[in-house]
**Q** 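Handing you a structure now.
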Amino acid sequence: MNYYRFFFLLLICFFSCKEKKSKNLSSIDDKTSKDIRIDTISSYKKIDTIIHTIKNDTLVFKLSDRVLYFSDKVENRWKKIQVKKLENGVIINVSIPKELSYEKSDISDFSPNQKYLLLHAIEKGELSDGNSVEEIEKYNCMFLDIQNLKLSDKYGDLFCSGEWKDRDTWMVDEEETYRLEEIFKN
């Protein structure tokens, strides 16, 4: 009699665990998905969650009021960026120089207020000495003003190695900081 109860309880446990697992899996329709909360400086309010997924070779970032799509993937880099406003569903292409492609951005590349995104740009070109041609790549970084859909100028390695200091300030080192509003005024 105890064997039957044990077996019955084991079956119940097995099916309830399987049901929970299938519910969790059915809610994810992408290859990967991260749900990460970024907390800003304590004096500011917390921003919404950024959801990061890759679906059909398109990198998608869902922000509080917009969705960013990185598409047209070639060699683990994306050549096209689109921004969709959630309030009206309008999708706008970001004007990108033809010679550039972008490596995968990460959650930490967003400014804490979600207004700017650090882009890791790769510029392809050819170098010729008259006899032979060599393909070259140069790393730059750029910033995307997500609200106004503008790209900044290209910056070199040292500038790109900085980090977000606060809501919209990029810090290269302790003495060198830049407010992104000033970068986009030019």
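Residue numbers run from 1 in the order of the sequence given. Just so you know, these numbers use all the heavy atoms, side chains as well, and skip hydrogens, waters and symmetry mates.
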**Q** Search all heavy atoms of Ser101 against all heavy atoms of Lys79 and return the closest pair with its distance.
**A** CB-CG, 4.0 Å
**Q** Can you check whether Trp170 and Phe143 have ring centres sitting under 6.0 Å from each other?
**A**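 Yes; Phe143 has its ring centre under 6.0 Å from that of Trp170.
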**Q** Determine the interplanar angle of the Phe159 and Tyr178 rings, folded into 0 to 90°, and report it as parallel if under 30°, tilted if 30 to 60°, perpendicular if over 60°.
**A** tilted
**Q** Which atom pair, heavy atoms only, marks the closest approach of Leu118 to Ser105?
**A**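 It is O-OG, 3.6 Å.
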**Q** Do Asn140 and His120 have side-chain N/O donor and acceptor atoms under 3.5 Å apart?
**A** no
**Q** Answer yes if the side chains of Gln147 and Arg66 hold a donor-acceptor pair under 3.5 Å, and no otherwise.
**A**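 Result is yes, a qualifying pair exists.
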**Q** Looking at every non-hydrogen atom in both residues, tell me the closest pair between Gly130 and Ser128 and how far apart they are.
**A** N-OG, 3.2 Å
**Q** Would Arg77 and Glu137 satisfy salt bridge (Lys or Arg N to Asp or Glu O under 4.0 Å), going step by step from the backbone distance to the final call?
**A** CA-CA 13 Å; Arg77 297 183 188 131; Glu137 292 183 348; 2.9 Å; yes
**Q** Do you know which two heavy atoms are closest between Ile146 and Gln114, and how far apart they sit?
**A**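 So the two residues come closest at CD1-O, 3.6 Å.
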**Q** What orientation do Phe61 and Phe110 show, parallel under 30°, tilted 30 to 60°, or perpendicular over 60°?
**A** perpendicular
**Q** List the steps and the verdict of salt bridge (Lys or Arg N to Asp or Glu O under 4.0 Å) for Arg179 and Asp168.
**A** CA-CA 6 Å; Arg179 290 190 47 83; Asp168 63 354; 3.0 Å; yes
**Q** What closest approach, in Å, do Leu151 and Phe184 show between heavy atoms, and which atom pair accounts for it?
**A**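 That would be C-CE2, 3.7 Å.
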**Q** Quick one: closest heavy-atom pair of Tyr69 and Val60, and the distance?
**A** CD2-CG2, 3.8 Å
**Q** Side chains of Ser108 and Asp106: is there a donor and an acceptor less than 3.5 Å apart?
**A**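 Looking only at side-chain atoms, Asp106 and Ser108 do not form any donor-acceptor pair under 3.5 Å.
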**Q** Are the side chains of Ile81 and Leu119 in touch, meaning some heavy atoms are under 4.5 Å apart?
**A**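 SC-SC contact between Ile81 and Leu119 confirmed.
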**Q** Hey, are the side chains of Glu181 and Lys115 touching, using non-hydrogen atoms and a 4.5 Å cut-off?
**A**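 Heavy-atom side-chain distance check fails, nothing below 4.5 Å.
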